[in-house]
Amino acid sequence: MEIIIPDRIIKGTLSVKKNKENKYQKCTIKLIKLKNEEFYQISLFTDKQVFHENIKYSEIKEYLNNIYSNNFMNMELFTNDKIFSYRITSKGKLLTNSKKNNSLIEIENHNKKKNYLLPEGIFIPPLVDLGVLTKEGKIIQSSYDKYKQINRFIEIIDDSIKNETKLKIIDFGCGKSYLTFILFFYLTEIKKIECEIIGLDLKEEVIDFCNDLVRKYNYSGIRFLKGDIASFDTDSNIDMIITLHACDTATDYALYHAIRMKCKYIFSVPCCQHEINQQLKTDKLHSNTKFGILKERFSAILTDSIRANILQYYGYKTQVMEFVDFENSPKNLLIRAEYIQSKNSNALVEVKELINSFEIRHTLYELLFSEE
Ligand SMILES: C[S@@+](CC[C@H](N)C(=O)[O-])C[C@H]1O[C@@H](n2cnc3c(N)ncnc32)[C@H](O)[C@@H]1O
C-alpha cells in the first residue's frame, strides 16, 4: 500500500516492530542542514547500537514508505504545522490521524562551528607532529574530545589571567603535551603574553619527543623535563601550575608544590583517585561501598573535597567546576584556585574531621601536615 507522507517533515519516529525478523527497535528521522544542503538523518536503533545514515531530501517519502510498511506498526511525523500519526492495527488496517503542532521545531545545522577560543583552522604546527591536526590544519576525528577539553581548559585560564603580561607555568604530568603546546601558542601568539612553560613527566620517550618539537619549531619558551612530580624542585618563581589528568596522587604532589611555591594560579583536573578508594572502610558506609562504582565515585569526591579545602585553608579562592560534559570525559572536574592570601582556617578543621571520621590517609594532607 502507498502511504501518503506529508511534505516537509522536520522529524519523526517509527516504532513497534512489525515482525521478529526486524532487527531494529526504532527508527528516527530528522531534517538537518549539511554544507547548506538539506538531508534527512536516519537513526536505526537495535538493542545495543544505533546506526546513522543521511539520505537526500527528495528521497524521504520513498524511504518512509518502504521502512514503515516492511518494519514498523507505528509512525509519527512532525511538520511545523501538524503532527501526523500512523498506526497499523493487528488486522493490518492503516489508521491515520493528524493534529495541530503548536511548537516550532528548529532544523539542526550540522555545519555550525563550535565557538572555541581556538577554533578549528588555527594552525599550531607541533599538533601535526602530535597527530591532533592534519597538515591542512583540520582536527583529526579521534582528537576532537581532547581538543575540546584543552579549549575549555584554556578558556578557564583565560578568564582568570586578564591582566597578566608575563607568566611562568609548569604543566605537571604533561604527557604528550597537547595542552602545553596549545597553551603556549595561545598565550604567546594570541594574548602576546611573555611566557615560559615547563612540562614535566615521568616518561622519557614523550619528553624526548616533545623536546625535539621544541627544537624543530624554535619554541624557546618551552622546556620539557623528565622527572617525578614528587621530587620536583626549582629556584624560579612559578606563577601557575596546571595538571590535566595527572594520575592519582600525582595531582597531590602538584598541588603541594603550588602551595609551597605560593603559585598565584592553579588549574588542576584530577584523575584516577585510587588512594582513598583503597583505604575506605567498607563497614562504615556499607550502603554506598557495597556498590563498586559508588565507592569509586565517593572516594574521588572525598579526595577532591580534601584538596579543595586545603587550598582554601592556604589562602586560595577555590572553585570545583565541571569543565567539559561527562560524555566528553568522565574525569571532568577542574579545581581552579587563585592565591588571594585569605586563609580559611575552618577549611582545615573540616578536612581533619573528614580524615578522622573516615580513618584515611591523604597524600596532600600528609605532605603538608604530617609533622603536626
Ligand atoms: C593521563 S596522562 C595525561 C597527560 C596530559 N596531561 C594530557 O592530558 O594529555 C597522565 C600523565 O601523567 C604522568 N605522570 C603520572 N604520575 C607522574 C609523576 N609522579 N610524575 C611525573 N609525571 C607523572 C604520566 O606519565 C602521564 O604521561
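Read the numbers this way: they start at 1 and go in the same order the structure lists the ligands and their atoms.
- Less than 4.0 angstrom separates some heavy atom of Cys247 from each of these atoms of ligand 1: 10 (C), 15 (C).
- Remark: minimum distance from atom 26 (C) of ligand 1 to any protein heavy atom is reached at Asp201 OD2, 3.5 Å.
- Using cut-offs of 30° and 60° for the angle between ring planes, the Phe153 and Phe323 rings count as perpendicular.
- If you check the side chains of Tyr57 and Arg8, you find a donor sitting under 3.5 Å from an acceptor.
- A cation-pi contact, defined as under 6.0 Å to the ring centre and within 45° of the axis, links Lys343 to Tyr314.
- With a 4.0 Å cut-off on non-hydrogen atoms, Cys174 touches ligand 1 through its backbone and not its side chain.
- Nearest protein heavy-atom neighbour of atom 3 (C) of ligand 1: Leu244 O, 3.5 Å.
- If you run side chain to side chain contact (heavy atoms under 4.5 Å, CB included) between Thr180 and each of Leu200, Ile197, Leu244, only Ile197 comes through.
- Taking the six-membered ring where the residue is Trp, Phe181 and Tyr219 present tilted rings, their angle falling between 30° and 60°.
- Residue Ala250 has no N or O atom closer than 3.5 Å to an N or O atom of ligand 1.
- Looking at heavy atoms from C-beta onward, Val269 lies out of side-chain contact with Arg152 at the 4.5 angstrom threshold.
- The protein heavy-atom contact nearest to atom 4 (C) of ligand 1 is Gly173 O, 3.5 Å.
- Listed by atom number, the atoms of ligand 1 under 4.0 Å from Ile229 heavy atoms are 18 (C), 19 (N), 20 (N), 21 (C).
- Near Asp228, the atoms of ligand 1 lying under 4.0 angstrom from a non-hydrogen atom of the residue are 18 (C), 19 (N), 20 (N).
- Contact between Asp159 and Arg336 at its shortest, heavy atoms only, is OD2-NH2, 3.0 Å.
- Ligand 1 has a nitrogen or oxygen under 3.5 angstrom from a nitrogen or oxygen of Lys146.
- Interface of Gly227 with ligand 1, defined as ligand atoms under 4.0 Å from a residue heavy atom, comprises 20 (N), 21 (C).
- The protein heavy atom nearest to atom 10 (C) of ligand 1 is His245 O, 3.3 Å.
- Every atom of ligand 1 is numbered from 1 in the order shown, and the set under 4.0 Å from a heavy atom of Gly175 is 4 (C), 27 (O).
- If you number the atoms of ligand 1 from 1 as listed, the ones under 4.0 Å from a heavy atom of Leu202 come out as 16 (N), 17 (C), 18 (C), 20 (N), 21 (C), 22 (N), 23 (C).
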